[in-house]
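As structure tokens, the structure follows; a few thoughts come after it.
A note on names: the letters A, B, ... follow the listed sequences, proteins ahead of strands, and every chain is numbered from 1. Atom set for the values below is all heavy atoms of this structure, side chains included, hydrogens, waters and symmetry mates excluded.
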Amino acid sequence: MKDITATGSFADLVYDIARQIPAGRVTSYGAIARCIGAARGSRMVGWAMNKAPQDVPAHRVLNRNGVLTGKHAFGDPERMEQLLRSEGVQVVNDQVVRFADLFWDPMTEF
DNA sequence: TGAGTGACTGTAA
DNA sequence: CTTACAGCCACTC
């Protein structure tokens with residue numbers, strides 16, 4: 001059952017963007033928020049991600065500093081890091097290496 | 001209805 | 001450089 005339809009608008013948009021993130025690439029909550037028009041809803045993006053279904057690569061979404069702030073939401077903190085490493089993303093001290101280089105701007109695709 | 005919380009961000013000290 | 005504070009929107013109790 002999917003109870004994600006709580007808002008059915010904001011979260012859906014966030015999920016749509018998150019699915020556009022290519023493997024091996026990462027983005028920030030603020031970037032997604034701006035892309036959907038909620039520039040000041042960066043926190044809402046995180047909230048939506050917490051509710052994000054498994055078909056959404058939430059592990060590719062980090063804060064603006066490239067830190068795995070939401071790793072605890074994956075059930076196991078090591079899960080998110082492992083997923084990123086599996087995609088070729090280096091993670092050190094809960095932080096993505098060369099975050100600026102791996103950063104993927106949703107606006108670039110839209 | 002009101003207060004508290006959160007996977008954030010930007011500016012200030 | 002790091003640490004603190006405030007603003008922001010949506011949700012839950």
Original post:
Among B:dA7, B:dT9, C:dT12, which nucleotide sits nearest the side chain of A:Lys51?
Top reply: C:dT12

Subject >> N-O pairing of A:Arg60 and A:Glu87 below 4.0 Å >> reply: yes

**OP:** Find the distance A:Phe10:CZ to B:dG6:P and express it as a whole number of Å.
**Re:** 18 Å

Subject >> Residue-phosphate contact under 4.0 Å: A:Thr69 side-chain N/O, B:dC8 OP1/OP2 >> reply: yes

Subject >> Minimum-distance nucleotide (side-chain atoms of A:Met44 versus B:dA7, B:dG6, B:dT9) >> reply: B:dG6

Subject >> Any N/O donor-acceptor pair, A:Arg43 side-chain to C:dG7 base, under 3.5 Å >> reply: yes

Original post:
Counting distance only, does the side-chain N/O of A:Asp76 pair as donor-acceptor with the main-chain N or O of A:Glu78 below 3.5 Å?
Top reply: no

**OP:** Verify, without hydrogens or angle tests, whether A:Thr27 (side chain) and A:Phe103 (backbone) share a donor-acceptor contact under 3.5 angstrom.
**Re:** no

**OP:** Would you kindly give the CG-to-P distance between A:Asn50 and C:dT12, to the nearest whole Å?
**Re:** 11 Å

**OP:** Grab the NE2-P distance between A:His72 and B:dG6 for me, whole Å please.
**Re:** 13 Å

Subject >> Nearest-angstrom distance from the residue atom CG of A:Asn65 to P of C:dC1 >> reply: 11 Å

Original post:
With sugar-phosphate meaning primed atoms plus P, OP1 and OP2, does A:Asn63 contact a base, only sugar-phosphate, or nothing at under 4.0 Å between heavy atoms?
Top reply: sugar-phosphate

Original post:
What orientation do A:Trp47 and A:Phe10 show, parallel under 30°, tilted 30 to 60°, or perpendicular over 60°?
Top reply: tilted

Original post:
In whole angstrom, what separates A:Ile17's CD1 from B:dC8's P?
Top reply: 19 Å

Original post:
A:Arg64 has a side chain; which of C:dT12, B:dT9, B:dA7 sits nearest to it?
Top reply: B:dT9

Subject >> Nearest-angstrom distance from the residue atom CH2 of A:Trp47 to P of B:dC8 >> reply: 15 Å

Subject >> Options C:dT12, C:dC8, B:dT9, nucleotide nearest the side-chain atoms of A:Arg40 >> reply: C:dC8

Subject >> Spacing of A:Lys71 atom NZ and A:Met80 atom CE [to the nearest 0.5 Å] >> reply: 9.5 Å

Original post:
Over how many whole Å does the gap from A:Met49 atom CE to C:dA10 atom P extend?
Top reply: 16 Å

Subject >> Nearest-Å distance for atom pair OH/P, residues A:Tyr29 and B:dG6 >> reply: 14 Å

Original post:
With sugar-phosphate meaning primed atoms plus P, OP1 and OP2, does A:Ala38 contact a base, only sugar-phosphate, or nothing at under 4.0 Å between heavy atoms?
Top reply: nothing

